[in-house]
There are 2 protein chains.
Amino acid sequence: MTKPPQAGSEDAAAASLRSIPEASVARLAVYLRMLGELAEQGSETVSSDELAAATGVNPAKLRKDLSYIGSYGIRGVGYEIAALVRQLERTLGLDHLQAVALVGVGNLGHALAGYSGFGGRGFPVTALFDVDPDLVGIHINGIIVEHVRSIPEICAERGVTIGMIATPGPAAQGVCDLLVGSGVRCILNFAPVVLQVPPEVEVRKVDLAVELQILAFHVARKHLAGQDTATLDSRVNGHAANGSGGMLP
Amino acid sequence: MTKPPQAGSEDAAAASLRSIPEASVARLAVYLRMLGELAEQGSETVSSDELAAATGVNPAKLRKDLSYIGSYGIRGVGYEIAALVRQLERTLGLDHLQAVALVGVGNLGHALAGYSGFGGRGFPVTALFDVDPDLVGIHINGIIVEHVRSIPEICAERGVTIGMIATPGPAAQGVCDLLVGSGVRCILNFAPVVLQVPPEVEVRKVDLAVELQILAFHVARKHLAGQDTATLDSRVNGHAANGSGGMLP
DNA sequence: GCAACTTTGTGCGTGCCTTCACAAGCGACT
DNA sequence: AGTCGCTTGTGAAGGCACGCACAAAGTTGC
């Protein structure tokens with residue numbers, strides 16, 4: 001159905017990589033985590049209904065999402081968890097480690113550097129950078145903080161593929177340029193600015209203040225609505241998770 | 001155009017509160033921040049083109065977003081920044097402070113508690129909770145960490161409207177139930193679980209591991225694509241920011 | 001006071017994503 | 001071996017959001 005008529009797809013994974021809707025990719029990551037938990041609990045298979053209920057999505061949507069990466073379900077039974085996990089990991093590029101560089105070891109940056117969920121999930125934080133002389137040289141989780149000016153050499157040396165920017169807003173664009181210049185093509189940006197990047201670079205933004213403001217909007221709406229809350233909600237709702245996840249302090 | 005035929009809208013703000021697309025709400029918060037910066041630089045007005053360029057969105061989309069909250073632009077001139085900021089703040093519910101409770105003062109929680117961007121933007125962190133006896137009782141930014149079991153009284157007492165959950169995954173649902181039981185109707189969830197809540201409660205999820213996995217997918221895609229990167233990118237791109245923002249460590 | 005320019009506000013076409021609903025397929029039970 | 005029940009995979013429809021392009025409206029200059 002989504003099979004492109006061109007190119008004699010040499011590989012299921014390769015075929016899947018083209019044209020998976022971005023929204024689906026975000027959910028695939030959520031499915032993957034839930035599948036991991038199910039596997040730990042000893043389950044061998046899951047039905048789309050079970051997995052959908054556990055992850056809070058529509059069962060049909062889940063099946064369509066999984067269909068983008070190929071047919072790994074057994075009709076009448078469900079999905080074999082182990083096989084599905086393996087395929088999801090391949091699709092999401094988790095079959096080889098992705099070295100992550102983190103720039104900005106301040107308040108949030110420190111928390112990110114110490115977050116065990118990254119390394120455990122295939123994202124070893126491999127390099128730390130800052131400009132503050134008091135921070136450069138210290139060790140966090142066994143990694144030494146380097147000066148931002150060393151980004152090019154160190155990123156190249158350690159094969160960094162993903163950059164995280166947790167600097168103050170004004171510094172972010174400069175840092176971003178350095179990362180891009182070092183060959184980093186994917187960036188997770190926590191700074192409250194819109195980064196300018198060449199088209200081949202993918203930027204995702206996590207903006208905590210904006211998240212709170214969105215919630216504040218809903219507070220205001222619920223307040224205004226008064227007792228009519230339920231009616232209004234059922235009209236405006238329809239999504240809650242935006243896809244991002246896993247902070248175990 | 002978007003004027004609902006029912007209800008004799010008593011108020012512009014009230015009218016705007018119904019049926020603003022969620023995607024627009026997220027962008028309104030971004031516009032608001034950028035307008036704040038422009039105001040600091042001494043600007044009095046902005047055109048939609050300028051503001052759109054600064055925030056990385058399509059000018060038409062920006063105008064449509066702003067049209068949801070009313071007509072505050074002057075044709076031939078642009079938008080008067082001060083008036084627009086005021087109206088945006090009203091719409092987003094920032095005209096009165098929103099007391100925020102933060103549960104889980106571990107790695108990330110600590111960083112969030114110390115993040116100055118919240119209080120400065122109308123979101124004073126008013127209460128901190130944890131279960132760890134080593135943490136209960138300590139002060140962070142002048143706020144004492146209370147035990148999770150005190151959530152009901154303290155939230156009621158301090159008028160908490162927004163809850164942030166930064167606990168380990170397994171603890172999140174229990175904490176969520178406590179918050180909801182205390183009257184909190186909006187929750188920002190950093191724990192890697194899907195929270196079950198009654199329909200009148202709004203949950204937004206920030207999942208850092210998922211963000212990285214989405215980026216990893218793009219790394220894999222770019223790798224697979226080889227030199228064809230540019231072509232592929234222009235086909236698959238179309239959004240980069242997901243709307244969230246403001247971490248100044 | 002008029003004309004030309006600038007910028008907003010929005011109707012409309014387009015494409016993506018979601019959701020429903022159902023046929024095809026697989027296992028279990030008899 | 002056949003039938004029944006369950007679950008996947010997907011065609012098709014609906015809804016939402018995006019972006020274009022243009023008319024309305026206001027300003028500036030003469």
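Chain letters run A, B, ... following the sequence lines, proteins first and then strands; every chain starts at 1. Keep in mind it's a predicted model, so treat the numbers as computed, not measured.
- When every heavy atom of B:Ile162 is checked against every heavy atom of B:Val184, the shortest pair comes out as C-CG1, 4.1 Å.
- Scanning for side chain to side chain donor-acceptor pair (under 3.5 Å) contacts around B:Tyr31 gives B:Asp65, with sequence neighbours left out.
- Around CD of A:Glu37, the count of heavy atoms belonging to other residues, nucleotides or ligands within 6.0 Å exceeds 12.
- Judged by distance alone, with hydrogens and angles left aside, A:Lys64 brings no side-chain donor or acceptor close enough to the base of D:dG9 to form a pair under 3.5 Å.
- Atom pair B:Tyr31:OH and C:dT8:P shows a separation of 13 Å (rounding to whole Å applied).
- Taking atom CG of B:Leu66 as the reference point, atom P of C:dG9 lies 8 Å away to the nearest angstrom.
- Under the 3.5 Å distance criterion, the side-chain polar atoms of B:Asn189 are matched with a main-chain donor or acceptor of B:Val193.
- Heavy atoms only, all atoms of each residue included: A:Phe190 and A:Ala166 are closest at CB-CA, 4.3 Å.
- When heavy atoms are screened at a 4.0 angstrom cut-off, B:Ala60 is found touching base atoms of the nucleic acid.
- Taking both residues in full, the closest heavy atoms of B:Val194 and B:Lys205 are given as CG2-NZ, 4.2 Å, listed atom of the first, atom of the second, then distance.
- Closest to the side chain of B:Ser71, out of D:dC20, C:dC17, C:dG9, is C:dG9.
- A donor-acceptor pair shorter than 3.5 Å cannot be found between the side chains of A:Glu80 and A:Thr45.
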Reading nucleotides 25-30 of chain D from the 5' end, what letters show protein touch, with B for base, S for backbone sugar-phosphate only, - for no heavy atom under 4.0 Å? BSS---
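- Not one side-chain nitrogen or oxygen of A:Tyr79 sits closer than 4.0 Å to the OP1 or OP2 atom of C:dC26.
- A heavy atom closer than 4.0 Å to some atom of DNA chain D occurs in A:Ser47, A:Ser48, these being the qualifying members of residues 47-55 of chain A.
- One atom, CG of B:Leu62, and another, P of D:dG19, lie 12 Å apart when rounded to the nearest Å.
- Atom pair A:Asp65:CG and C:dT18:P shows a separation of 7 Å (rounding to whole Å applied).
- Across all non-hydrogen atoms, the minimal contact from B:Gly73 to B:Tyr79 is CA-CD2, 3.4 Å.
- A straight line from CG of A:Asn58 to P of D:dA13 spans 19 Å, rounded to a whole angstrom.
- Distance OH (A:Tyr68) to P (D:dT10): 11 Å, rounded to an integer number of Å.
- If you check the side chains of B:His218 and A:Glu22, you find a donor sitting under 3.5 Å from an acceptor.
- Between the P atom of C:dT7 and the CD atom of B:Glu80 lies a distance of 17 Å, rounded to the nearest Å.
- The distance between atom CZ of A:Arg63 and atom C1' of C:dC20, rounded to the nearest whole Å, is 10 Å.
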